[in-house]
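For reference, the structure is listed below as structure tokens.
Nothing here was measured: the structure is a model prediction, and the numbers come from that model.
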Amino acid sequence: MAVSVRSWLANEAGKHFVLMLWLAANTWLFLDTYLLYSTGQQYHYLYQMLGLGLCISRASASVLNLNCSLVLLPMCRSLLTFIRGSHTMSTRRMRRLLDKSKSFHVTCGVAICIFSAVHVSAHLMNVVNFSASFSEDFPDLNLALPGLSGVLLVLILLLMFISSSHCIRVCNYEIFWYTHNLFIIFYIILMVHMVGGALKYQTNTEAHPPGCLRSSQSLQEADDLDQKQRCKEDAHFQPHYPQTWLWVSGPLCLYCVERLFRYIRSSHPVTIVTVIRHPCDVVELRMLKKNFRARPGQVISINMKCVSCNSFQCPTENKETFGIHLRIVGDWTEHFAHLLLPQPRAALEILPVVHQRRYPTLYVDGPFGSPSEEVFNYDVSLCIAGGIGVTPFACVLDALIERWKSFRLQRLYFVWVCRELQSFYWFAELLCALHEKLWKENRPDYLNVKLYVTQKDCQQSMSELRYRPLAARLQVGRPRWKLLFDEIGKCNKDKRVGVFCCGPKRISRTLHRLCNSVRSSGATFEFNKESFS
Amino acid sequence: MGKIEWAMWANEQALAAGLILLTGGIVGVAGQFRGWEFASYAIAAGFFVCMLEYPRSKRAKGTSVERTGQYCFTVCVKAFGPVTRNYYVRAFLHAALCVPGGFMLATVLGCVCLGIASLIYLAAAVRGEHWEPILPRKDTRKPVAESIKSPPQNPPPRPPPEIRRKQAKDVEGAAYDNPIAVTDE
């Protein structure tokens with residue numbers, strides 16, 4: 001598929017621009033510091049003693065300063081949610097950039113690891129050069145490297161980096177979470193890393209220009225009298241004050257305030273109103289919390305006191321209560337469902353006994369912004385869901401049922417791909433209700449539903465009368481994305497179509513490529529991805 | 001709490017520690033620093049740890065994702081049987097291997113990382129985990145049913161001759177009501 005320039009610009013330009021800015025900032029900082037230490041007058045003697053290792057270690061240190069301050073900012077999720085929500089502060093382009101905040105955090109993290117390796121290697125070189133060229137002339141300059149804090153920093157960084165690999169995040173999220181919270185120790189040690197004053201610079205470069213002749217030295221050649229001056233006084237050295245705190249303290253305070261705010265906001269437990277078991281291992285949980293306001297499409301995080309783990313779902317709001325759908329697929333969700341649902345009773349009882357249901361204490365952190373909030377801000381949106389990935393769009397449908405006229409959205413294409421037929425029953429009622437309402441209000445073209453069931457030997461259909469609109473729009477087999485895109489493009493020429501995908505990586509990669517490829521029709525597809533990991 | 005698989009984290013940590021030990025050893029030998037003999041040991045130890053830790057274990061629950069090209073390593077590690085299967089052995093082995101790395105600056109980081117990996121392996125062993133090889137699944141073909149091989153011996157059942165004659169003469173009488181409702185959708 002050939003890439004279309006206009007589509008590529010619509011989808012990729014923003015984030016590549018930010019990446020270029022970040023690379024430029026890092027490069028400029030590296031080169032500037034390198035040149036300062038290699039050509040600066042006040043570092044002349046230091047440079048002579050340590051050589052290349054000095055310049056590289058200092059240059060990588062300033063790049064590290066920048067990245068350690070930037071890495072915290074994308075993780076201030078409440079602040080980003082606020083920016084996303086206030087339309088006066090942000091345009092759609094900026095909100096789409098906010099979707100990439102986690103990727104930016106990872107990029108800065110990787111840069112920190114790489115430059116730490118460079119910094120450590122350069123310091124090892126410095127150690128060698130220092131022991132080789134221990135200066136008798138300038139005893140003030142002899143360095144005692146702050147090795148211990150450096151080793152501790154690298155150790156914590158390695159622990160954080162190794163436990164944030166994809167397989168560990170997917171299998172054991174708690175390990176990732178708890179090791180990543182070691183960042184606070186990392187930052188504290190980072191700020192005291194240079195407190196020993198190991199790096200010294202010369203303070204009296206006017207009185208003692210570097211390379212001048214000392215009074216004790218005799219003139220070798222007569223010509224040198226003009227070029228080299230006599231030193232008026234001996235070189236004085238002073239240690240650098242640690243500068244890392246200037247870079248890092250702002251974002252660190254901001255992040256700590258953010259965490260405190262989230263902690264206070266989630267300190268009141270929620271009341272569980274109902275727990276409903278749906279087919280295909282899905283549990284719906286409706287909850288009540290004071291002063292909880294979520295916009296459709298936002299994400300919440302659940303914390304169970306006895307289990308202390310987190311999960312991320314999208315809430316569907318229904319005036320007072322808000323609910324989530326979660327699929328039982330791992331240890332945490334199994335345990336959670338086990339605590340919530342009544343156990344199947346083996347023996348038949350003649351009289352129903354009412355048991356006082358003891359639900360676990362639940363805390364909810366959020367709501368946080370997510371890409372799905374943008375569905376309403378396009379004229380035409382295409383929502384593609386894979387299996388349980390339909391939950392972000394369920395709250396979109398919910399909001400549309402209440403007030404579809406108040407949004408900018410004029411047409412919604414809803415594609416839902418599931419493995420089993422039973423999965424469609426999770427939101428069949430909601431889909432049919434919305435379809436019915438829109439037909440009654442004479443907007444039949446507003447909602448276009450396409451359901452796909454991929455199980456090969458699926459013979460049945462949804463036989464209930466009330467689900468007839470869905471049964472009519474159900475197809476067996478995988479969707480053919482190119483044809484779908486062509487059809488949507490033809491019906492919506494010269495419009496910007498927002499494509500929202502929440503599903504397996506395979507589907508989102510195909511869709512991303514399709515959004516960037518050449519279109520015979522005039523529509524531009526803007527790709528937005530939702531992911532939970 | 002969900003059952004955390006400590007072994008998976010220990011494996012990642014040990015592999016990274018092996019690589020760091022190897023790198024530190026190479027730097028130490030290349031620079032000919034004081035104590036470079038420890039660096040040469042670190043190269044050998046790092047290489048050995050990488051070989052041992054490269055094949056991922058099969059998860060107790062859930063899908064196991066294997067590393068690229070790990071099959072040959074799996075076979076080698078599996079060949080040692082209970083020695084490599086048991087995580088207590090791995091914990092003590094890593095603890096012993098990491099000690100000489102602590103005597104030289106270039107390898108001290110690898111030493112500490114391997115020590116941490118050894119502790120996590122100990123935790124995994126205490127929880128009763130063990131190493132399982134990820135082997136390719138042998139797809140057993142479903143046995144072909146006997147009836148497929150031989151063609152049917154009898155013709156399909158037909159109604160008795162009187163009714164067949166009736167159907168040929170009286171087409172309208174042969175009509176019947178479809179038991180399943182057919183709607184035009």
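- Checked by atom type and distance alone, the side chain of B:Q32 pairs as donor or acceptor with a backbone atom of B:V29 at under 3.5 Å.
- Looking at B:R34, there are no atoms closer than 4.5 Å to chain A (heavy atoms on both sides), in backbone or side chain.
- Neither the backbone nor the side chain of A:S121 comes within contact range of chain B; no heavy atoms are under 4.5 Å apart.
- Atom OH of B:Y54 and atom CG of B:L52 lie 14.0 Å apart (nearest 0.5 Å).
- Under the 4.5 Å side-chain criterion, counting only non-hydrogen atoms from C-beta, A:F186 is not in contact with A:L182.
- A ring-ring contact (aromatic ring centres under 6.0 Å, His included) with B:F103 holds for exactly one of B:W36, B:Y41, B:F38; it is B:F38.
- Only the side chain of A:S165 comes within contact range of chain B, with at least one heavy atom under 4.5 Å from a heavy atom of that chain.
- Between the side chain of B:S64 and the main chain of B:R59, a donor-acceptor pair closer than 3.5 Å is present.
- At a 4.5 Å heavy-atom cutoff, the contact between B:I20 and chain A is made by side-chain atoms alone.
- Taking chain A as the reference chain and counting heavy-atom pairs below 4.5 Å, the highest number among B:L109, B:V65, B:V112, B:T23 is found for B:L109.
- Your options are A:L155, A:L124, A:V154, and the one with the most heavy-atom pairs under 4.5 Å with chain B is A:L155.
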